[in-house]
Colleague: 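After the structure tokens below, expect a handful of questions from me.
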Amino acid sequence: MGHLHARSARGVRRRRQRRGHPLRASGRSLTELRLVSSLSHASPKTLEVMQVLGIPPERNLRLGSVGVKVGTIARGEADLYVHPRSGTKLWDTCAPWALLRAVGGVITDLWGHPLIYDPRRLGHDNGLVASHGAHHDDILAAIRPLVDAWYRSPHA
């Protein structure tokens, strides 16, 4: 996988051995999306997302750690991560959010609202969607009926 390194004015780069290569989130179309999902917390909700978005099992990469999953999106190896429940904490998403944002990706809650970093609220109670950014709004629109069926919107 290589190592990820931040370089202030030059953006984020992936370093393999001694050479750095700029990181870029992919721009794959909605019909070619690659999902990254939890290795240890499989969810029927993830299968529902895959069905709605037409993502076959062979395009679902299962990994541990929010940071590792978001890192695969930042490297262009995956396009989408949907965490369909509460449970992630501020420290799970802070650095991955910054990394993904630096390469053009987006992380929001399940309703498309920005994640809130408030030390009085340590958890992200409204799930999260991390994507390559190119089709984030389209992805949110496609999964919205699922999200509405799973939860009552906290922003209503």
Colleague: Which pair of heavy atoms, one from V36 and one from A78, lies closest together, and at what distance?
Modeller: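 For V36 and A78, the tightest heavy-atom pair comes out as CB-CB, 4.1 Å.
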
Colleague: Of the non-hydrogen atoms in P56 and G54, which two are nearest, and what is the gap between them?
Modeller: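 Here P56 and G54 meet closest at CD-O, 3.3 Å.
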
Colleague: What is the distance from atom OG1 of T31 to atom NE2 of H135, rounded to the nearest 0.5 Å?
Modeller: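 One gets 8.5 Å once the value is rounded to the nearest 0.5 Å.
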
Colleague: Minimum heavy-atom separation for S43 and P84, please, with both atom names.
Modeller: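 Shortest heavy-atom separation between S43 and P84 comes out as OG-CG, 4.0 Å.
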
Colleague: Is there a side-chain contact between W111 and L140, using heavy atoms and a 4.5 Å cut-off?
Modeller: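 Contact flag for W111/L140 side chains = no.
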
Colleague: Using a strict cut-off of less than 4.0 Å between a Lys/Arg side-chain nitrogen and an Asp/Glu carboxylate oxygen, indicate whether R28 and D79 qualify as a salt bridge.
Modeller: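 Looking at R28 and D79, the cut-off is met.
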
Colleague: Quick one, E48 and W150 - any side-chain contact, counting heavy atoms below 4.5 Å?
Modeller: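 Of all side-chain heavy-atom pairs linking W150 with E48, at least one is under 4.5 Å.
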
Colleague: Would you confirm whether N60, through its side chain, and P57, through its main-chain N or O, come within 3.5 Å as a donor-acceptor pair?
Modeller: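 No, N60 side chain to P57 backbone: no donor-acceptor pair under 3.5 Å.
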
Colleague: Please report the interatomic distance CG(L110) to NZ(K45), rounded to the nearest 0.5 Å.
Modeller: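 Atom-to-atom, L110:CG and K45:NZ are 8.5 Å apart.
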
Colleague: Would you kindly confirm whether V129 and I55 end up in one hydrophobic cluster when ILVMFWY residues are joined by side chain heavy atoms under 4.5 Å apart?
Modeller: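 V129 and I55: one cluster.
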
Colleague: Report yes if some heavy atom in the side chain of T93 is under 4.5 Å from a heavy atom in the side chain of L128; otherwise report no.
Modeller: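 Yes, close enough: below the 4.5 Å cut-off.
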
Colleague: Could you walk me through whether L146 and Y151 pass the side chain to side chain contact (heavy atoms under 4.5 Å, CB included) test, one step at a time?
Modeller: CA-CA 9 Å; L146 295 176; Y151 309 101; over 6 Å; no

Colleague: Just jot down the ring-ring contact (aromatic ring centres under 6.0 Å, His included) partners of H124, sequence neighbours excluded, or say none.
Modeller: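 Y117.
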
Colleague: Same cluster for I73 and L39 if Ile/Leu/Val/Met/Phe/Trp/Tyr side chains link at under 4.5 Å?
Modeller: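 As far as the 4.5 Å side-chain criterion goes, L39 and I73 are not connected within one cluster.
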
Colleague: How long is the span from the OG atom in S26 to the NE2 atom in H132, to the nearest 0.5 Å?
Modeller: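 With rounding to 0.5 Å, OG (S26) is 4.5 Å from NE2 (H132).
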
Colleague: Of all residues at least two apart in sequence or in a different chain, which pass the salt bridge (Lys or Arg N to Asp or Glu O under 4.0 Å) check with R59?
Modeller: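 Per chain and number, R59 pairs via salt bridge (Lys or Arg N to Asp or Glu O under 4.0 Å) with no residue.
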
Colleague: Between S37 and T46, what is the shortest heavy-atom contact and its length?
Modeller: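 Here S37 and T46 meet closest at CB-CG2, 3.9 Å.
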
Colleague: Please name the pair of heavy atoms, one in G71 and one in L99, separated by the smallest distance, quoted to 0.1 Å.
Modeller: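 Nearest pair, atom of G71 first, then L99: CA-CD2, 4.4 Å.
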
Colleague: Using 0.5 Å steps for rounding, measure from the CG atom of L90 to the CG atom of L115.
Modeller: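 Those atoms lie 9.0 Å apart.
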
Colleague: Mind checking what makes side chain to side chain contact (heavy atoms under 4.5 Å, CB included) contact with S38, not counting sequence neighbours?
Modeller: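 Only S40, H41, K69 meet the side chain to side chain contact (heavy atoms under 4.5 Å, CB included) criterion with S38.
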
Colleague: Counting heavy atoms not belonging to E32, are there more than 12 under 6.0 Å from its CD?
Modeller: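 Check passes, neighbour count above 12.
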
Colleague: Could you tell me the separation between the CG atom of L80 and the CG atom of L61, rounded to the nearest 0.5 Å?
Modeller: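 Answer for the CG-CG pair, L80 versus L61, is 12.0 Å.
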
Colleague: Over all heavy atoms of both residues, which pair between G27 and A134 is shortest? Give the atoms and the distance, please.
Modeller: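 That closest heavy-atom pairing would be CA-CB, 4.4 Å.
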
Colleague: If I take atom CG from residue L53 and atom CG from residue L35, how far apart are they, to the nearest 0.5 angstrom?
Modeller: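 One gets 8.0 Å once the value is rounded to the nearest 0.5 Å.
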
Colleague: Can you find a pair of side-chain heavy atoms, one from L122 and one from W91, that are under 4.5 Å apart?
Modeller: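 In contact.
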
Colleague: Could you walk me through whether V66 and Y81 pass side chain to side chain contact (heavy atoms under 4.5 Å, CB included), step by step?
Modeller: CA-CA 9 Å; V66 172; Y81 169 48; 4.0 Å; yes

Colleague: Under the side-chain hydrogen bond (donor to acceptor under 3.5 Å, both in side chains) criterion, do H83 and T88 qualify, and how do the steps go?
Modeller: CA-CA 8 Å; H83 185 82; T88 60; 5.0 Å; no

Colleague: Do V106 and I139 land in one hydrophobic cluster if side-chain heavy atoms of ILVMFWY residues count as linked below 4.5 Å?
Modeller: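 Unlinked, V106 and I139 end up in two clusters.
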
